[in-house]
Amino acid sequence: MKHMPGRHFLQIPGPTNTPLPILAAIAKPTIDHRGPEFGELGLDVLKRIRGVFKTKGPVIIYPCSGTGAWEAALVNTLSAGDHVLMYETGWFSTLWSKMTLALGLKPEFIKGDWRSGVDAKALESALLADTAHKFKAVAVVHNETSTGAVSNIAAVRRAIDNAKHPALLLVDTISSLGSIDFRHDEWGVDVTVGGSQKGLMLPPGIAFNAISNKALEASKQAKLPRSFLGWNEMLAANATGYFPYTPSTNLLQGLKVALDLIEEEGLDEVFARHDRAASATRRAVEHWGFEIQCRNPAEYSSSLTAVRLPEGHSADRLRKEILERTNTSLGNGLGILADRVFRIGHLGDFNAASVLGTLAAVEVGLKATGIPYRSGGLDAAIETLNGNLPPSNKMGEAAE
């Protein structure tokens with residue numbers, strides 16, 4: 001592509017825009033990862049990242065993508081042949097299920113419609129039927145990035161408890177961590193998987209496991225091979241701020257600043273900002289006359305909105321037109337949603353102007369491609385951002 005002047009609007013559901021203070025921290029000279037300065041850095045970020053997960057327990061930081069953290073959650077808690085109960089919410093839950101197969105585990109994948117979150121009642125029924133307790137873990141995605149549907153993790157925890165089942169609860173928060181309220185301890189999650197490149201506003205390259213005491217006990221009996229991803233050596237080294245192998249030093253420098261920014265804004269206000277952006281975006285989409293991929297308003301994501309185009313119109317052609325005309329990148333449809341939906345990311349480092357600029361770019365593309373729509377979506381979004389805001393979605397509180 002030729003050079004396009006002005007700011008590129010990166011409005012995919014991750015990786016997200018990285019603020020200049022974080023980029024500056026990452027660009028600082030690399031420090032000795034065995035020296036005292038790094039030990040202080042390690043202790044600082046390892047302690048403060050717990051607040052984003054809302055846990056008092058340990059959080060392990062890996063130099064890898066979120067996929068590596070998925071694998072870490074599985075290999076540290078399970079053994080070959082173990083059964084894992086999973087629920088199909090979209091593309092990423094499907095990928096996680098494929099990983100379990102590759103690792104020699106046996107997933108039972110409850111079919112979903114790619115338009116909803118996890119059906120906790122379906123999980124509860126499967127667990128009640130499992131009188132032999134063959135399921136060793138329940139693994140679900142909190143925010144399904146392919147569809148924009150959020151699952152009620154508190155309800156999933158209740159389903160496990162109602163069935164009096166000992167299975168571990170593993171949760172993927174890669175596209176919700178730092179953008180949608182999540183409570184590792186309160187919701188009884190055993191392993192939470194996270195990544196750096198979305199709500200935490202960092203480039204890709206570090207990923208997380210937040211771990212419960214129950215998960216740590218399970219790791220003592222787990223027999224799947226692990227070396228690089230093993231928890232024990234990590235936890236031992238982390239106690240003094242260090243890592244058992246070379247960590248992503250400069251990304252950890254960036255993480256320190258990311259945590260500073262989140263704490264300065266306040267985590268609750270971060271969530272409220274995402275809620276406002278999501279509400280404004282949905283208001284515009286509905287005004288245009290399009291369907292939102294997620295069917296249930298109680299499950300709407302505050303990280304992204306997946307938009308269904310009318311039959312016969314190409315979402316990829318629209319995205320291409322938007323990119324060429326406005327230098328704005330939107331997310332493509334994945335799996336069965338390829339060329340059927342486009343995804344507007346509103347997570348990480350953004351403000352009202354970012355949201356309105358993105359929605360204006362969509363209107364430019366809609367007009368250029370001749371896709372039928374009702375003009376005025378931008379005005380509807382402005383009305384929402386100016387205070388006419390529907391009640392925010394707080395999955396955890398609704399589950400109380």
Side-chain angles (χ1 to χ4, degrees), residues 1 4 6-13 89-91 112-117 144-150 274-347 350 352-386 388-390 393:
M1 290 180 62
M4 300 182 73
R7 171 196 159 184
H8 174 62
F9 272 63
L10 181 66
Q11 300 304 141
I12 61 176
T89 48
W91 178 252
D113 61 4
W114 287 52
R115 303 199 68 174
S116 309
E144 178 55 67
T145 322
S146 63
T147 68
V150 178
H274 284 74
D275 290 344
R276 288 192 294 271
S279 293
T281 301
R282 291 192 297 268
R283 188 96 172 265
V285 170
E286 290 164 350
H287 184 92
W288 291 329
F290 302 142
E291 270 190 278
I292 294 169
Q293 177 64 22
C294 178
R295 277 201 179 103
N296 181 0
E299 296 178 328
Y300 282 160
S301 171
S302 289
S303 294
L304 72 130
T305 301
V307 184
R308 292 174 67 89
L309 287 183
E311 291 289 346
H313 294 281
S314 168
D316 288 345
R317 182 185 169 221
L318 173 64
R319 290 174 48 254
K320 182 175 183 290
E321 198 73 34
I322 291 169
L323 178 60
E324 292 176 351
R325 289 177 179 269
T326 70
N327 200 13
T328 299
S329 292
L330 300 176
N332 62 308
L334 298 170
I336 63 174
L337 301 180
D339 204 26
R340 187 73 180 83
V341 308
F342 67 96
R343 296 175 297 146
I344 302 170
H346 31 76
L347 72 162
F350 68 87
S354 311
V355 176
L356 295 175
T358 303
L359 297 175
V362 174
E363 289 211 20
V364 168
L366 290 170
K367 189 168 186 178
T369 53
I371 296 173
Y373 76 102
R374 183 158 67 104
S375 63
L378 200 59
D379 289 335
I382 290 170
E383 183 181 353
T384 299
L385 290 171
N386 279 348
N388 185 11
L389 179 66
N393 170 34

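Classification of E291 and R115 as a salt-bridged pair holds, one side-chain N sitting under 4.0 Å from a carboxylate O. Contact check on E311 versus R340 returns a salt bridge, with a Lys/Arg side-chain nitrogen under 4.0 Å from an Asp/Glu carboxylate oxygen. Salt bridge annotation for E324-K320: present, with a cationic side-chain nitrogen under 4.0 angstrom from a carboxylate oxygen.
Contact annotation: the side chain of L309 approaches that of F342 to within less than 4.5 Å [non-hydrogen atoms, C-beta and beyond]. For the pair R343/I12, no side-chain contact is recorded, criterion being any heavy-atom separation below 4.5 Å from C-beta on. Between N332 and D316 the shortest side-chain heavy-atom distance falls below 4.5 Å. The side-chain heavy atoms of V307 and Q293, taken from C-beta on, include no pair separated by under 4.5 Å. Put simply, the side chain of L323 does not reach to within 4.5 Å of the side chain of T328, judged on heavy atoms. Contact check for I336 versus W114: side-chain heavy atoms found under the 4.5 Å cut-off. Using a 4.5 Å heavy-atom cutoff, the side chains of I322 and V364 are not in contact.
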Test log, rule side-chain contact (heavy atoms from CB on, under 4.5 Å), inputs H313 and L318: CA-CA 8 Å; H313 294 281; L318 173 64; over 6 Å; no

Trace of the side-chain contact (heavy atoms from CB on, under 4.5 Å) decision for T369 with R317: CA-CA 8 Å; T369 53; R317 182 185 169 221; 4.0 Å; yes

Steps toward ring pair (Phe, Tyr, Trp, His ring centres under 6.0 Å) verdict (H287, Y373): CA-CA 8 Å; H287 184 92; Y373 76 102; 9.2 Å; no

Intermediate values then yes/no, side chain to side chain donor-acceptor pair (under 3.5 Å), R283 and T384: CA-CA 8 Å; R283 188 96 172 265; T384 299; 2.6 Å; yes

Verdict with supporting geometry, E363 and R374, salt bridge (charged side-chain N to carboxylate O under 4.0 Å, His left out): CA-CA 10 Å; E363 289 211 20; R374 183 158 67 104; over 6 Å; no

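For S116, the side chain to side chain contact (heavy atoms under 4.5 Å, CB included) test picks out D113, E299, with sequence neighbours left out.
Using modelled atom types, one side-chain atom of Q11 and one backbone atom of G345 make a donor-acceptor pair closer than 3.5 Å.
The structure places OG of S146 at 8.5 Å from CG of L304, a figure rounded to the nearest 0.5 Å. Here the straight-line distance linking atom OG of S301 with atom CG of D275 works out to 9.5 Å at 0.5 Å rounding. To the nearest 0.5 Å, the span separating CG on L366 from OG on S375 amounts to 11.0 Å. Distance CZ/F350 to OG1/T358: 10.0 Å, rounded to 0.5 Å. Note that CG of N327 and CZ of R7 are 10.0 Å apart. Values are rounded to the nearest 0.5 Å.
Applying the side-chain contact (heavy atoms from CB on, under 4.5 Å) test between F290 and each of V341, I371, V362 identifies I371 as the sole match.
Taking both residues in full, the closest heavy atoms of P13 and L347 are given as CA-CD2, 3.8 Å, listed atom of the first, atom of the second, then distance. A pairwise comparison of heavy atoms in G148 and C294 identifies O-CB, 3.6 Å as the closest pair. Smallest separation of non-hydrogen atoms from H346 and T281: CD2-OG1, 3.5 Å. The heavy-atom pair separating R276 from L385 by the smallest distance is O-CD2, 4.0 Å. When all heavy atoms of G117 and T89 are compared, the pair lying nearest together is C-CG2, 3.7 Å. The two atoms that bring T305 and A278 nearest to each other are OG1-O, 4.4 Å, heavy atoms only.
Residues H8 and S329 bring a donor and an acceptor atom of their side chains to less than 3.5 Å of each other.
Within 6.0 Å of the CH2 atom in W288, the count of heavy atoms belonging to other residues, nucleotides or ligands exceeds 12.
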